[in-house]
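Shown next, in structure tokens, is the structure this report addresses.
If you're wondering where the values come from, they're calculated on a predicted model, not measured in any experiment.
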Amino acid sequence: MFGCNKIARRMFLSLRIAMAKKTVKDTKENLQQSWDEQISVFGAREHNLKNIDISIPKNKLVVFTGVSGSGKSSLAFDTIYNEGQRRYMESFSAYARQFMGDMERPDVDKITGLSPVISIEQKTTNKNPRSTVGTVTEVYDFMRLLFARIGEAYSYNTGRKMVKFSEEEIVDNIFQKYRQKKITLLAPLIRGRKGHYRELFEDIRKKGFLKVRVDGEIIDLTPKLQVDRYKIHDIEVVIDRLQVTDDMRVRVSQSVQQTLKMGKDLMFLLVNDTSKIVQYSKQLMCDETGISYEEPSPNAFSFNSPYGACPVCKGLGNVYSVSMEAVIPDRSISIKEGGIAPLGEQRDAYMFRNVEALAKKNKISLDKPIRELPEKSLNILLYGNADGITEETIDIDDVTPGMPYEGVFEGIIPMLKRWFTGTGSSEALREWVEQFMELKICGECKGARLKKESLWFKVDEKNISELSNLNLDKLHAWFEGIEKRLDTKQNVIAKDILKEIRERLLFLLDVGLTYLSLNRPSRTLSGGESQRIRLATQIGSQLQGITYILDEPSIGLHQRDNHQLIKALQNLRNIGNTVLVVEHDKDIMLAADHLVDIGPRAGTYGGQIVAAGTPSEVLKSNSETAQYLNGKKRIEIPAERRKGNGKLLELKGAAGNNLKNVNVQFPLGKLIVVSGVSGSGKSTLINETLYPLLSKHCYNSRVSPMEFKSIKGLEHIDKVIEIDQSPIGRTPRSNPATYCGFFTEIRTLFASVPEAKIRGYNAGRFSFNVKGGRCDMCEGGGMRVIEMNFLPDVYVHCEKCNGKRYNRETLEIRYKGKSISDVLNMTVDEACDFFQPVHYLYRKVKVLQEVGLGYITLGQSAVTLSGGEAQRVKLATELGKKDTGKTFYILDEPTTGLHFQDIRHLLDVLNKLVDRGNTVLVIEHNLDVIKVADHIIDLGPEGGDGGGIILFEGTPEEMISNKKSHTARFVKEELAAK
């Protein structure tokens with residue numbers, strides 16, 4: 001009986017163990033399945049996130065949306081991406097991590113199922129002037145390889161095709177052309193150089209050679225032979241002299257080999273009867289002029305390599321030169337009155353005494369207007385000489401009495417050049433000189449960046465610079481079917497290179513970048529363009545199992561091209577990746593596999609998951625986003641368009657970049673929208689032509705506009721303001737209160753409190769940026785940085801002030817029961833109520849509320865504000881100022897980062913500016929902005945070379961009948977839906 005119980009217990013125990021193992025196995029399988037199918041985030045609290053939990057399906061196109069400031073970027077970038085990066089960093093050893101940038105752990109409990117992450121954000125790729133679209137996408141690297149391997153060389157003197165010979169071909173050629181003739185084989189040693197070359201002659205003589213050819217004359221090699229060291233010489237050694245007959249073939253072959261060896265792959269053949277010289281080279285050579293090129297390598301076509309870069313501009317394509325207009329801005333005044341700007345007006349300075357001594361010696365009047373001075377006299381002052389060749393000697397004894405010295409006056413222009421390029425010049429001096437310089441296209445390479453030899457290598461009669469200047473769609477068309485234009489050998493070599501080039505170009509075309517060219521500097525790209533370039537590069541890499549996180553890739557993209565971007569994102573998903581997109585574009589939201597709406601509002605009122613699911617499921621919810629998507633809410637079209645004030649700006653002959661000599665009118669007192677497909681010329685017309693003109697008129701700035709003929713109506717404008725989405729500050733100390741300027745008034749208000757007056761506190765006492773009232777331990781930052789060696793630095797509240805930034809004595813001063821720290825922690829909505837009795841403060845704080853920023857705190861760090869929030873802070877700052885009604889506002893894609901509801905707030909602000917009599921010009925693709933405009937200027941019809949034409953000027957209602965405009969088609973749909 002006892003034995004049976006023992007067996008039963010063992011069986012029961014075995015059964016429990018088996019069940020436990022199965023449970024563990026099932027749990028592991030379920031967990032693995034969960035990890036394979038979704039990314040799970042638990043307890044996310046970064047910034048304003050409210051301890052949210054969310055499951056995101058993997059290998060899907062997932063879009064995060066919500067009002068600006070609701071927490072989308074906090075979840076996507078600051079939580080998911082940062083955790084992925086931190087895990088990657090922690091895979092390195094502790095020793096290695098101390099040399100790398102530290103990653104702070106995001107405020108989240110746990111994230112599971114996270115695969116390696118790659119972030120593609122709204123940042124310009126590279127500010128380096130050497131970085132181009134071609135180098136970023138690597139297309140140019142493959143083109144360099146293509147030209148190095150199959151490029152055909154041409155002489156830059158004659159344009160004839162270069163040839164190169166092998167030793168056998170040289171021998172065959174000699175027998176073919178010079179049979180039965182007496183020839184001399186010469187190995188060139190010195191070409192066009194000075195020297196006596198006694199040692200060289202002695203060395204040749206010791207090797208057994210008997211004759212040399214010096215400057216065209218064959219002489220015997222005698223001991224102590226030398227030539228005139230001050231003359232330029234050509235020296236060749238005579239290797240052999242013979243008659244070309246069949247029985248001499250072996251000797252000819254050996255002599256040719258020896259000649260090429262001593263001449264470093266170059267040899268001369270002298271036909272004795274005619275004294276004719278023929279050149280042969282194993283390198284590329286022009287048989288007519290004798291010019292030879294080195295064997296091409298990929299570096300020879302790189303403007304970032306000394307082997308390929310233009311020697312004048314060093315591969316930049318542009319050079320700085322002195323601007324005569326800047327040096328002599330007004331020829332109607334004399335030199336003493338400041339006619340030569342770098343000298344300034346007459347004063348007791350060493351430089352001016354130099355000029356006075358020079359003028360006295362050459363009888364140059366410093367009192368006459370510059371235009372009355374002879375050109376010769378002016379050249380002496382500007383160049384130190386009358387003809388630009390020699391420098392002018394002056395007696396320094398006339399300059400500084402008692403110090404006789406015969407010096408050389410280099411001239412004002414050479415002096416400016418020396419100061420600008422000299423290694424000993426200070427940064428301040430260079431900045432001062434730069435105002436007299438202008439950037440011009442390099443005269444040597446004509447902007448091609450490469451040395452002339454590299455530009456004479458061609459494939460199908462095109463050099464690499466010509467191809468790099470083509471728009472990407474035209475470049476792709478050029479590469480299509482190129483095999484038919486190449487020979488068999490070239491096709492064999494180029495097969496794999498052409499495949500890589502075509503694939504990369506196709507990816508760039510798929511994301512709507514048809515109008516760019518490979519030589520376009522990456523620093524001139526918008527955030528959306530650079531983001532789409534990186535997206536195309538990632539698609540080309542064909543990586544799988546990656547989590548891609550993108551920040552509004554539709555920036556700067558016309559509605560016509562949206563489907564191309566959506567297709568590119570879907571391709572990235574289809575090859576086995578998870579694509580997370582922070583986006584506000586309606587088309588991309590509806591094309592998503594999974595849509596996450598974060599809100600319900602912004603700042604402290606957001607940070608929650610309002611709706612999540614397929615787009616159709618989210619549309620059934622009552623979220624702010626759903627109401628705009630399903631048509632319950634919409635931005636209304638104004639019942640009547642403004643008539644303006646009857647005045648206008650008229651710009652004629654704008655021809656910068658791709659603009660086709662356009663004439664355009666800007667009616668004042670209206671909301672003007674400049675539209676058109678990406679690359680059609682909008683930024684060139686407004687940011688690079690109109691704005692510099694207005695800035696120069698209003699502020700006398702030195703910004704140079706692009707090419708134009710004339711502009712009328714500037715007298716109607718007294719102020720121009722450009723509002724972009726750059727941060728309002730790059731340090732945590734910057735905040736909305738300091739940027740808008742009313743923090744100074746808040747500090748003054750606290751300094752006027754009786755208690756503060758008794759203690760002798762002034763406004764400076766309440767600044768967290770200066771000593772006195774701020775906390776000494778955290779120096780007004782509110783946070784202390786704890787260095788963790790190879791671990792990320794930890795930020796903690798300062799234990800002395802507990803994050804309040806100020807010391808105890810300062811915090812004891814209270815206005816209406818609130819300390820200065822309490823005021824900084826107020827939201828804009830709370831501050832409006834608090835400061836309502838203080839009219840001059842209330843007006844400025846109220847403007848922040850009116851632009852939809854009631855949720856941010858007055859002291860919120862500038863680095864935590866989104867691009868849309870930063871732009872609205874700038875708008876609020878301008879609204880808080882008094883204007884004359886003659887202000888011209890320019891905004892470039894202000895809807896970037898804005899939700900439908902935020903766009904409504906933005907339009908309210910812009911309309912208030914226009915209602916005051918000002919003019920607001922917006923460069924925009926967003927249809928909600930375009931449809932409410934008083935006046936539309938549409939450019940196109942295509943991007944790049946296919947654009948640059950004004951297609952339409954007028955109201956949206958008038959625009960819809962325009963057949964050439966792509967924008968008109970979408971505006972018609974919007975107007976029909978009202």
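Within the 3.5 Å criterion, the main-chain N or O of Ile723 finds no donor-acceptor partner in the side chain of Lys874. Asp561 contributes no side-chain N or O that, together with a main-chain N or O of Leu557, makes up a donor-acceptor pair within less than 3.5 Å. Between the side chain of Asn658 and the backbone N or O of Gly944, at least one donor-acceptor pair lies under 3.5 Å. Proximity of a side-chain donor or acceptor of Ser695 to a complementary backbone N or O of Pro692 within less than 3.5 Å is not detected. Put simply, the side chain of Asn577 never gets that close to the backbone of Arg573: no donor and acceptor are under 3.5 Å apart. Side-chain atoms of Thr135 do not come within 3.5 Å of backbone N or O of Ser131 as any donor-acceptor pair. Side-chain atoms of Asn630 come within 3.5 Å of backbone atoms of Ala626 as a donor-acceptor pair (strictly under, hydrogens ignored). Remark: side-chain polar atoms of Lys682 are paired, donor with acceptor, to backbone N or O of Val677 under 3.5 angstrom. Proximity of a side-chain donor or acceptor of Thr132 to a complementary backbone N or O of Leu518 within less than 3.5 Å is detected. Panel note: side chain Arg532, backbone Leu513; no donor-acceptor pair is recorded below 3.5 Å.
Of all heavy-atom pairs spanning Gly66 and Asp597, the tightest one is CA-OD1, 3.5 Å. Across all their heavy atoms, Arg634 and Arg904 have their closest contact at O-NH2, 2.9 Å. Contact detail for Asp510 and Ala568: the closest heavy-atom pair is O-CB, 4.4 Å. Scanning both residues, Leu61 and Val581, for their nearest heavy atoms gives CD1-CG2, 3.8 Å. In plain terms, the two heavy atoms of Leu951 and Lys964 that are nearest each other are CD1-O, 4.0 Å. Thr689 approaches Pro705 most closely through the heavy-atom pair O-CB, 3.6 Å.
Between the side chains of His966 and Gln559, no donor-acceptor pair is found at a separation under 3.5 Å. At a cut-off of 3.5 Å, with distance as the only test, no side-chain donor of Thr614 or His594 sits close to an acceptor on the other residue. Between the side chains of Asp892 and Asn687, a donor-acceptor pair is found at a separation under 3.5 Å. Remark: the Arg520 side chain and the Thr524 side chain contain an N/O donor-acceptor pair separated by less than 3.5 Å. Side-chain contact of His558 with Thr967: a donor-acceptor pair under 3.5 Å is present, judged by distance alone. One side chain, Glu924 or Thr895, offers a donor N or O that lies under 3.5 Å from an acceptor on the other. Judged by distance alone, the side chains of Asn471 and Ser517 never bring a donor and an acceptor atom under 3.5 Å apart.
Screening Lys633, Arg601, Lys632 for a salt bridge (Lys or Arg N to Asp or Glu O under 4.0 Å) with Glu624, the sole residue that qualifies is Lys633. Partner Leu595 forms a side chain to side chain contact (heavy atoms under 4.5 Å, CB included) with one of Met589, Glu583, Glu617 and no other, that one being Met589.
Note: Leu572 CG to Gln542 CD = 9.0 Å, rounded to the nearest 0.5 Å. For the atom pair CD1 (Ile950) and CD (Gln665), the distance works out to 11.0 Å, reported to the nearest 0.5 Å. Rounding to the nearest 0.5 Å places CG of Asp460 at 4.5 Å from CZ of Arg485. Remark: Lys586 NZ to Ile588 CD1 distance equals 13.5 Å, nearest 0.5 Å. Note that the CG atom of Asp915 and the CG atom of Leu671 stand 10.0 Å from one another [nearest 0.5 Å]. The structure places CD of Glu974 at 7.5 Å from CD1 of Ile637, a figure rounded to the nearest 0.5 Å.
The closest side-chain heavy-atom distance from Arg641 to Pro956 is below 4.5 Å. The shortest side-chain heavy-atom distance between Ile937 and Phe952 does not fall under the 4.5 Å cut-off. The side-chain heavy atoms of Thr919 and Phe666, taken from C-beta on, include no pair separated by under 4.5 Å. The closest side-chain heavy-atom distance from Val610 to Asn622 is not below 4.5 Å. At least one side-chain heavy atom of Ile549 sits under 4.5 Å from a side-chain heavy atom of Phe77. Annotation: side chain of Ile555 is in contact with side chain of Glu893 (closest heavy-atom distance under 4.5 Å). For the pair Ile118 and Thr547, the minimum side-chain heavy-atom distance is 4.5 Å or more. At a threshold of 4.5 Å between non-hydrogen side-chain atoms, the residues His899 and Thr625 count as touching.
One finds a salt bridge joining Arg560 and Glu942 here, because a Lys/Arg side-chain nitrogen approaches an Asp/Glu carboxylate oxygen to under 4.0 Å. Using a 4.0 Å cut-off between a side-chain N of Lys or Arg and a carboxylate O of Asp or Glu, Asp934 and Arg642 qualify as a salt bridge. In this structure, Arg969 does not pair ionically with Glu973, as no charged nitrogen and carboxylate oxygen lie closer than 4.0 Å.
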Point to revise | Verdict with supporting geometry, Asp585 and Asn562, side-chain hydrogen bond (donor to acceptor under 3.5 Å, both in side chains) | key: CA-CA 9 Å; Asp585 183 80; Asn562 256 0; 2.9 Å; yes
Exercise for review: Could you give me the CA-CA distance, side-chain angles and deciding distance for His925 and Ser675, then say whether side-chain hydrogen bond (donor to acceptor under 3.5 Å, both in side chains) is met?
Suggested key: CA-CA 6 Å; His925 292 291; Ser675 62; over 6 Å; no
Review point. Could you walk me through whether Arg502 and Glu483 pass the salt bridge (Lys or Arg N to Asp or Glu O under 4.0 Å) check?
Key: CA-CA 12 Å; Arg502 280 197 282 250; Glu483 287 88 352; 2.6 Å; yes
Review point. Between Val511 and Gln564, is a side chain to side chain contact (heavy atoms under 4.5 Å, CB included) present by the stated rule, with each step listed?
Key: CA-CA 5 Å; Val511 294; Gln564 290 179 299; over 6 Å; no
Practice item. Give the C-alpha distance, both sets of side-chain angles, the deciding distance and a yes or no for side chain to side chain contact (heavy atoms under 4.5 Å, CB included) between Leu906 and Val851. Key: CA-CA 6 Å; Leu906 173 69; Val851 298; over 6 Å; no
Check your understanding: Which is it for Thr684 and Asn657 under the side-chain hydrogen bond (donor to acceptor under 3.5 Å, both in side chains) test, yes or no, and what are the steps along the way?
Key -> CA-CA 7 Å; Thr684 300; Asn657 292 335; 3.1 Å; yes
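Below 30°, between 30° and 60°, or above 60°: for Phe900 and Tyr628 the angle between ring planes is below 30°, a parallel geometry.
Residue-environment remark: CD1 (Ile441) stays at or below the threshold of 12 foreign heavy atoms within 6.0 Å. Within 6.0 Å of the NZ atom in Lys660, the count of heavy atoms belonging to other residues, nucleotides or ligands exceeds 12.
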